[in-house]
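These notes concern the structure reproduced below.
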Amino acid sequence: MLDTRKIGAFISKRRKDQDMTQMELAEILNVSHQAVSKWERGESLPDIGTLPLVAKIFGITIDGLINAGETQSYSHIGKIVEEISENRPEQVAILINEGEIELEELTEVAPIIKSSTLNKVSENLDVKRIDSAVITSLAPFLGSDALDAVVRESMEEAIDWTVITEIAPFLSENLLFELAENNLNEGSLKVEDLMSIAPFLSSELLDQFIIHLKDSNISWEMVQALAPFLSEDSMSRLVDQAINGDINAERIVDLAPFLEKDQLEKLVLQAEKGRMSWSIVEGLAPFLSSGTLNLLVNQAVAGKIDAKRMAGLAPFLSKENIGKLIVEAEQENLDSELLTSLAPFIDKEHLSRLITSLLTKVK
């Protein structure tokens, strides 16, 4: 990458050698003196149309300017700058394709080339000359469509996910989805590959991966990984599939942190009616609302569900709900095993009253 500080210091030195003020240089170049000041401080570079003029004023080549007067690391950047400043981006591509200019030199000067111009260069490049390092270097500066085209052509035979991961923020979400879907259908998509691009895909596109969960190659591990990015509709669909037996209902617990209140209550209702294992409710317990937990306790107190089931929910029950269950215990309506399970969660007041009640009954 071009060293803006070295180039800036070199511009400052050459200006002073010619006994010229920043204001005078700015007037000749038809830019503001603030722009010249930023160049010399290394905060920015002259735009690509101005570089040839700066070099001419100082009586040096563009390559000499770009290399800050030192031994030239890049000997053809000047040619790139000249062609682009003359609005001939296609010629730059031709020179690269013919081997007269190295692609690495284009990547060096890319930060000061307009995206639209760089797109035209890329459109005419021989894809055989473009490797992963070049793609990674150009990605921040190419337009999305142009970058998509380069990636499609260069990775036509095999996808390098290391590169895709690195340039994902600059690719279109449609290409990212296409690449992932193709690899999924081939059975070669890894969880880490999918996760590397998930933040850059809309929930609508991500939903496509799990709409046909039963028929696709997507694993449950992938579904879990995608959960934070899926839409509410998609999560509801998964809940319904668990209820209908299309997927293992026990797995839905893995998605609990990302389920909405109504989706959680829907699952609890199924378990309450005996249509789903109670262990699912226990797995969901940390995410259930106080209202849902209150309802379950009331159902247990009323004898509509087995009170023993409350043992697994004890760590998440409020003091008030624990109190309700103890009252029932005092009335001998609840199993002693449940009391044992509740004991670690009973406060001193309720525990003292319960012990007193039990001792009274023993006497």
Side-chain angles (χ1 to χ4, degrees), residues 161 176-177 179-199 201-297 299-300 304-317 337-338 341:
W161 276 100
L176 288 172
F177 177 77
L179 295 174
E181 187 176 43
N182 289 343
N183 271 30
L184 179 65
N185 293 335
E186 293 169 3
S188 59
L189 184 66
K190 300 177 182 177
V191 175
E192 54 268 31
D193 295 337
L194 185 55
M195 287 310 301
S196 69
I197 65 171
L201 294 177
S202 66
S203 58
E204 289 76 17
L205 282 177
L206 288 170
D207 288 350
Q208 297 299 314
F209 284 114
I210 62 170
I211 284 178
H212 304 294
L213 182 58
K214 290 190 300 180
D215 308 318
S216 72
N217 294 317
I218 191 167
S219 66
W220 187 255
E221 188 181 4
M222 288 182 179
V223 175
Q224 283 181 261
L226 288 178
F229 308 101
L230 296 176
S231 69
E232 185 176 343
D233 286 344
S234 193
M235 298 301 286
S236 293
R237 191 179 301 112
L238 288 170
V239 168
D240 289 338
Q241 287 179 310
I243 291 172
N244 296 332
D246 295 330
I247 59 175
N248 186 340
E250 297 288 342
R251 288 176 166 177
I252 208 69
V253 175
D254 300 329
L255 308 183
F258 312 104
L259 295 177
E260 298 293 331
K261 177 183 175 182
D262 61 328
Q263 296 164 350
L264 291 167
E265 290 178 348
K266 196 173 184 179
L267 291 166
V268 169
L269 179 62
Q270 295 300 311
E272 185 184 347
K273 292 180 178 179
R275 299 172 184 169
M276 195 173 283
S277 170
W278 189 259
S279 63
I280 291 176
V281 176
E282 293 178 345
L284 297 175
F287 310 98
L288 297 179
S289 68
S290 58
T292 300
L293 290 170
N294 290 342
L295 176 63
L296 291 173
V297 169
Q299 293 283 68
K304 295 182 178 179
I305 59 175
D306 187 349
K308 293 180 182 178
R309 291 177 169 178
M310 294 300 104
L313 307 183
F316 312 103
L317 296 179
E337 290 183 15
L338 176 58
S341 301

Check the pair Val253 / Glu282 against side-chain contact (heavy atoms from CB on, under 4.5 Å), numbers first and verdict last. CA-CA 9 Å; Val253 175; Glu282 293 178 345; over 6 Å; no

Under the criterion side-chain contact (heavy atoms from CB on, under 4.5 Å), I'd like the reasoning laid out for Leu184 against Leu194: C-alpha separation, chi angles, the key distance, then a yes or no. CA-CA 9 Å; Leu184 179 65; Leu194 185 55; over 6 Å; no

Show, in sequence, the C-alpha distance, side-chain angles and deciding distance for Phe258 and Leu230, and conclude whether the side-chain contact (heavy atoms from CB on, under 4.5 Å) test is met. CA-CA 9 Å; Phe258 312 104; Leu230 296 176; over 6 Å; no

Chi angles and distances behind the side-chain contact (heavy atoms from CB on, under 4.5 Å) call for Ser202, Leu205: CA-CA 5 Å; Ser202 66; Leu205 282 177; 3.6 Å; yes

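For the atom pair Lys266 NZ and Lys261 NZ, the distance stands at 16.0 Å (nearest 0.5 Å). The CG atom of Leu206 lies 8.5 Å from the CZ atom of Phe177; values are rounded to the nearest 0.5 Å. How far CD of Glu221 is from CD of Gln224: 7.0 Å, rounded to the nearest 0.5 Å. Rounding to the nearest 0.5 Å gives a distance of 7.5 Å between CD1 of Ile210 and CD of Gln241. For the atom pair CD of Glu265 and CG of Leu296, the computed distance is 9.5 Å after rounding to the nearest 0.5 Å. Annotation: the span from Glu260 atom CD to Ser236 atom OG amounts to 8.0 Å, rounded to 0.5 Å.
Between Arg237 and Asp207 there is no salt bridge, since none of the side-chain N atoms of the basic residue sits less than 4.0 Å from a carboxylate O of the acidic one.
Leu189 approaches Ala180 most closely through the heavy-atom pair CD2-O, 3.6 Å. Closest of all the heavy-atom pairs between Ala271 and Arg309 is O-NH1, 3.9 Å. Of all heavy-atom pairs spanning Ala256 and Phe287, the tightest one is CB-CD1, 3.3 Å.
At a threshold of 4.5 Å between non-hydrogen side-chain atoms, the residues Ile247 and Arg251 do not count as touching. Leu284 is not listed as a side-chain neighbour of Phe316, based on a closest heavy-atom distance of 4.5 Å or more. When side chains are defined from C-beta on, Leu267 counts as touching Leu259, because their heavy atoms get closer than 4.5 Å. Within the 4.5 Å cutoff, no side-chain heavy atoms of Val281 are placed close to those of Met276.
At least one donor-acceptor pair closer than 3.5 Å links the side chain of Asn248 to the backbone N or O of Glu250. Remark: the backbone N or O of Glu272 is not paired with any side-chain donor or acceptor of Trp278 at under 3.5 angstrom. Side chain of Gln263 to main chain of Leu238: no donor-acceptor pair is present (N/O by atom type, distance under 3.5 Å, no hydrogens or angles). The backbone N or O of Leu288 sits nowhere less than 3.5 Å from a side-chain atom of Thr292 that would complete a donor-acceptor pair.
For residues 183-198, the pairs satisfying side-chain hydrogen bond (donor to acceptor under 3.5 Å, both in side chains) are Thr165-Ser196, with sequence neighbours left out.
Residues that satisfy the side chain to side chain donor-acceptor pair (under 3.5 Å) test with Gln270, not counting sequence neighbours, are absent from this structure.
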